[in-house]
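Remember, it's a predicted structure, so these values are computed and weren't measured experimentally. Convention: sequence-line order gives letters A, B, ...; per-chain numbering from 1.
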2 protein chains.
Amino acid sequence: MKKTDSAPATKRVTITDVAREANVSIAAVSRAMNPEGSSSPEMRRRILEVAERLGYKPNRLARGIKSQSSLIGILVTNFENPVYLAILSEFSAAIQRHNCHTLLINVNTEKSISEAVSLVMEYHVDALIVTSASVPPELVEACARQNTPVAIFGRDGEDSGASVVTCDDVEMGRMAADHLIDHGYRRLAYVGASTKEQATLDRKRGFIERLEQRGLTLHGVGEGHRHSYDAGYEATCELLASTEVIPDSIFYFDDIMACGGMDAIRHEFSHRIPQDIGIVGVDDIRFASSKSYDLTTICQPFTEMVNKTVSLLFVRIKQGDTAPDRIIMPCHITQRGTTQHVG
Amino acid sequence: MKKTDSAPATKRVTITDVAREANVSIAAVSRAMNPEGSSSPEMRRRILEVAERLGYKPNRLARGIKSQSSLIGILVTNFENPVYLAILSEFSAAIQRHNCHTLLINVNTEKSISEAVSLVMEYHVDALIVTSASVPPELVEACARQNTPVAIFGRDGEDSGASVVTCDDVEMGRMAADHLIDHGYRRLAYVGASTKEQATLDRKRGFIERLEQRGLTLHGVGEGHRHSYDAGYEATCELLASTEVIPDSIFYFDDIMACGGMDAIRHEFSHRIPQDIGIVGVDDIRFASSKSYDLTTICQPFTEMVNKTVSLLFVRIKQGDTAPDRIIMPCHITQRGTTQHVG
DNA sequence: CTGAAAGCGCTTACAG
DNA sequence: CTGAAAGCGCTTACAG
């Protein structure tokens, strides 16, 4: 490994350099750089000009030690569902629009939770976003102790002290049931994961609740080990293999499972969709609207949800000790080819 | 908005608290907390115990202002291709394993580049990873000036001063051509995007080069505006509508375009895959191995590539002014149902 | 509005 | 190995 002969690293230009060059105090520079700082227009103009000329960028680390880090932590647990890429994209864009940056925390490892707690404490993130996961009590506690606002996205975490932005999972189940029944299906089944997450339970519960209200009984259940394509595939195989009369429709916990399930239905069992079996999913992932799947699905307004989450958080950051909000957004169903069968 | 009546934010415990409690100097605490700091076993033990008891976590922001921020920036430009979710997952996990954290930079907006530069300068990231995008000269310059190592992932950026970890795009083109020809296809077409990215040009070039070497000529080209499902769909429609004799096989820039293309082929033109048209993609996204697409594709060893990128970067962080590496990983083709046609 | 000064939490030579 | 002290780059009362 030879040393590169590139120019030696020039010292970064600091507030002191700007102050010296502009012939003012460093306090003056600090104020000029901060919109809220009191600075005469003339002075600010001059300082900003010098700063620009010197290429000065305030060191956020140094700033963070006294005031805010401008860092927003985002906890992601599920890297299998492609919707999270879109969600991550929206979040980081929204956060950047607020002149902050995104600390991505991958919570998939064993020691993940303590990791996350450490992070909150070590980087002094201004706020924490938890996507589609229940927040462990330790985390909540750690954040509360540091007065760090937390928002849960896509899950309901009542009483957790965190803000919540999500859709009503029970309602999703009802929508799916209504849609299928309205389109003439009568032997409704559900496929999800056997996890004990609230969202899983709620979607299933709403689904069953509504179909019973309408005089039907659940025709079957398939449970995979996770919310993935493979789990959807396998759970569907088991479901179809175990029932004497196959269901005429299946509501899946999410699109990725539904896609796995559809492939099982078509390629393992040669049933037709939507004639033999109708399908409803949740999320509207990119492939839901592909010609291959053309999946009827329940859409959550992710973009609005993200923006809402971020703006709520910034209100809490600014106003300090504000009570958390709980926002349940409306979702809607988008009909596509998997439920065209009419009675 | 009522104020919450939760306990007031307790002051975070700092190095001073630990020093006082343990009856030592703050310097001693600092050394005890840092593996490299010289500290007698007995003293370290005692301090660590106190730190633990008090729940002390060093403030990385404060640390970062003198030494390293432990922040690794990762620039992501493409949030449409699901592979990036997997890649992001691997990167953040690898970075966390090194006891650092991931600053996600969404470079999709207008002012993206200057944003990125600012970020590097403002947060003093220890290193920067650029995924599948060419690095703008300003960025390279800014990083070089601050001695921040840069790694380009999934693109070749020779002479950029950055480390590179990628696969050989020209070779991918050749592999695709060989595979198709070996399987009896003779009227080979290419579909990609009309962008001037090096990867786009290289895959296409390798493909054409090889098929000409083997006595064929390119049968047609389709160019979308981006690397997306829709672009693949549309470009394929144009390609098939414009040729008198349709191609008998298509090499797509990547899987996501290939999926769009396959849907166009099947649903717009009712051609059969692989009998009428064979397909090869690149990336091996989750849906490539679904029953619906069952796509023959060129696989890059992403996990190894990510780990290599991260470890290279950490060597550079540790050793200071080291020359950048350039690592070209081997890729391989995975045959599935889209190229089963034999002559 | 502006400057001098103290302080944020940590690290790192420098003596001992 | 340990402590006292200076310093990192910034912010924020406090006087003027």
Under 3.5 Å, which N/O atoms of the protein pair with N/O atoms of nucleotides 7-10 of chain D?
unit_1  : atom_1 : unit_2 : atom_2 : d
dC10(D) : OP1    : Y56(A) : OH     : 2.8
dC10(D) : OP1    : N59(A) : N      : 2.7
dC10(D) : OP2    : I15(A) : N      : 2.3
dC10(D) : OP2    : Y56(A) : OH     : 3.4

Listed pairs, N/O of protein and of nucleotides 13-16 of chain D, under 3.5 Å:
unit_1  : atom_1 : unit_2 : atom_2 : d
dA13(D) : N6     : R31(A) : NH2    : 3.4

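By the salt bridge (charged side-chain N to carboxylate O under 4.0 Å, His left out) test, R60(B) pairs with E122(A), sequence neighbours left out. Looking at residues two or more places apart in sequence or on another chain, you find a side chain to side chain contact (heavy atoms under 4.5 Å, CB included) between D126(A) and Q68(A), S69(A), S70(A), I72(A), I317(A). In this view, E80(B) and R226(B) satisfy the side chain to side chain donor-acceptor pair (under 3.5 Å) rule, not counting sequence neighbours. Residues forming a side chain to side chain contact (heavy atoms under 4.5 Å, CB included) with T14(A) (at least two apart in sequence, or on another chain): T16(A), D17(A). Residues satisfying the salt bridge (charged side-chain N to carboxylate O under 4.0 Å, His left out) test with R46(B), not counting sequence neighbours, are none. Judged as a salt bridge (charged side-chain N to carboxylate O under 4.0 Å, His left out), and not counting sequence neighbours, E90(A) has no contacts. Under the rule for a salt bridge (charged side-chain N to carboxylate O under 4.0 Å, His left out), the partners of R53(A) that lie at least two apart in sequence or sit in another chain are E21(A).
Remark: C1' of dG3(C) and CZ of R20(A) are 17 Å apart, rounded to the nearest angstrom.
Among residue pairs with one or both ends in residues 42-95 of chain B, those qualifying as ring-ring contact (aromatic ring centres under 6.0 Å, His included) are F91(B)-F153(B); sequence neighbours excluded.
Taking all atoms of both residues into account, the shortest heavy-atom contact from L85(B) to N81(A) is CD2-O, 3.3 Å. Scanning both residues, I47(A) and A28(A), for their nearest heavy atoms gives CD1-O, 3.7 Å.
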Given Watson-Crick and G-U pairs under 3.5 Å, DNA chain C in dot-bracket ([ ] crossing, | other strand) is |||.||||||||.|||
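How far CZ of R31(A) is from CZ of R44(A): 10.5 Å, rounded to the nearest 0.5 Å.
Listed by residue number, S38(B), S39(B), S40(B), M43(B) are the residues of residues 36-52 of chain B with a heavy-atom contact under 4.0 Å to DNA chain D.
Distance alone, capped at 3.5 Å, is enough to place a donor-acceptor pair between the S92(A) side chain and the L88(A) backbone.
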